[in-house]
Asker: 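Encoded as C-alpha cells, here's the structure I'll be asking about.
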Amino acid sequence: MRRTREISCKFNLEPQDCDWLIATLGRYGAEPLGETKDFALYLDAPDAAIGNHGLALGIHRAGEITSDDVKTAVDKAARGLPAPNGWMRLVEPLSAATPVGARRWLQSLLRRQDAQQSLRVLFQIETQGSRWRVTAGGANAEISLDRARIAANRKQASFAIVTFGCKASPAADFFRFLTEICGPTKLRMSAEGIALRGYRFCGNLRDSHVSAFPPKLATNMDAATAFRTIARACFDQFLLNEAAIRLTREREAVHQCRVALRRLSTGLRLFSSLVSGPGRDELRPELKQLAAHLQKARDLDVLTAEVI
C-alpha cells in the first residue's frame, strides 16, 4: 500500500507567465475554488529589527480596498495606534530559518511603548489569489497562485508565487504530476514567502545570505519523518541562498549554498537505509555536479578577495 502525506512545493513565477500557468491548469481540467484579494502594510522599526529577527509584523485587510482606507491605516500605524476597524494584525515568519524564540522576542519588544511608537510602514503588498483543484493520474492537488504588487519608497514591483499542495494522494503520483506540469523555464522552486520578497526588495535586511539553521525535530518523530525534516531544512537553506545570489550576487550566499548541499549529502549517507531506489542513484551525481559549479564560483570569490 502506497503511503500518503501532506506535501507542499512553492515556485516563483514571472507575472507575464501567469496566463501560461492558468491555461496549463485548464488543460488538466482544473476546478476553480475561488478568488481572494488582500492588502497588507508591513511595519518595522527604522533599523528593521523585526525583519532581521526573521519575522514580519503588519496589518492586513481582505476584499476591496480604497485609497482612503489605506491612508487611514498608514496614519494610525505611523502613530503606533491599534489597527482600524476591518484590519487584522499579522505576525508571520519570513522563512524556515526564523529562530524558534523570535515570537517571544517580538512580544517583549511590543510591550514597550517607545518601541510601538517607533514602528513605521516599510512597504505594502496587494495580493490577488486564485485557487484550483486538479485530479490527474492518481494525484489530487490544490494549486494556489498569488499575484502580488509591492510598493515601497516610491518604487513598485510585481511578482507571483504558485504553491502546489497535496494531502491525500500518494507522493509518487503527486510528484509525477508536478514534473509534467512544471515548465522548467517558467517555474523556479522557492522557499521565499511574500513578506520576505518585500524585505529583500526594499533592501532592509542586514544579510541576504542564510546560514545553516537547525531542523525542527521532535522526540516523537520516526526516522523517516526526521530525515524528511532534515532534508527539507537543507533544501530551504539552499533555495533561500539561491534567491539571494540572483538578487545581490553576495559571495557568502554562494558558500551557504555549498553548506546546504554538504548537509544534504551527509543526511543521505546517515539515512542510507531509508533512502533507496533509482531516485537516489540519479540524485547523487546531480548533487556532485551542482557542487562542482559552486566550487568554481567560490574559488573565483577567494581569488578576487584574497589574491587580486
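Everything quoted here is computed from the prediction, not taken from an experiment.
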Asker: Determine which pairs satisfy ring pair (Phe, Tyr, Trp, His ring centres under 6.0 Å) with at least one residue from residues 223-269, sequence neighbours left out, and list them in order.
Answerer: F227-F271
Asker: Just to verify, what does I245 make a side chain to side chain contact (heavy atoms under 4.5 Å, CB included) with, not counting sequence neighbours?
Answerer: A253, V254, C257
Asker: Is it the case that the ring center of F164 lies less than 6.0 angstrom away from the ring center of F174?
Answerer: no
Asker: Search all heavy atoms of A191 against all heavy atoms of L240 and return the closest pair with its distance.
Answerer: O-CD2, 3.7 Å
Asker: Which heavy atom of L264 sits nearest a heavy atom of C234, and at what distance?
Answerer: N-SG, 3.6 Å
Asker: At their closest point, which heavy atom of R263 faces which heavy atom of P215, and how far apart are they?
Answerer: NH2-CD, 3.9 Å
Asker: R61: which residues meet the side chain to side chain donor-acceptor pair (under 3.5 Å) condition with it, sequence neighbours left out?
Answerer: none
Asker: Suppose we screen for side chain to side chain contact (heavy atoms under 4.5 Å, CB included). Which residues come up paired with R27, at least two apart in sequence or across chains?
Answerer: A23, T24
Asker: Give a yes or no on whether K216 atom NZ has more than 12 heavy-atom contacts from other residues, nucleotides or ligands under 6.0 Å away.
Answerer: yes
Asker: A157: which residues meet the side chain to side chain contact (heavy atoms under 4.5 Å, CB included) condition with it, sequence neighbours left out?
Answerer: I150, F201
Asker: Between CZ of F39 and NE2 of H60, what distance do you get to the nearest 0.5 Å?
Answerer: 13.0 Å
Asker: Which residues pass the salt bridge (charged side-chain N to carboxylate O under 4.0 Å, His left out) test with R112, not counting sequence neighbours?
Answerer: D114
Asker: Please name all residues satisfying salt bridge (charged side-chain N to carboxylate O under 4.0 Å, His left out) with D17, sequence neighbours left out, ordered by chain then number.
Answerer: K186
Asker: How would you list all residue pairs meeting ring pair (Phe, Tyr, Trp, His ring centres under 6.0 Å) that involve residues 88-140, not counting sequence neighbours?
Answerer: Y42-F123, H53-W105, F123-Y199
Asker: Taking D173 first and then R176, would you say they form a salt bridge - that is, a charged N and a carboxylate O separated by under 4.0 Å?
Answerer: yes
Asker: Salt bridge (charged side-chain N to carboxylate O under 4.0 Å, His left out) with E64: which residues, sequence neighbours excluded?
Answerer: K37
Asker: Would you list the pairs meeting salt bridge (Lys or Arg N to Asp or Glu O under 4.0 Å) in which at least one residue belongs to residues 121-132, sequence neighbours left out?
Answerer: E126-R149, R131-E142
Asker: Quick one: side chain to side chain contact (heavy atoms under 4.5 Å, CB included) partners of D207, sequence neighbours excluded?
Answerer: H209
Asker: Sort and list the pairs that fulfil salt bridge (Lys or Arg N to Asp or Glu O under 4.0 Å) and have at least one residue in residues 86-104, not counting sequence neighbours.
Answerer: none
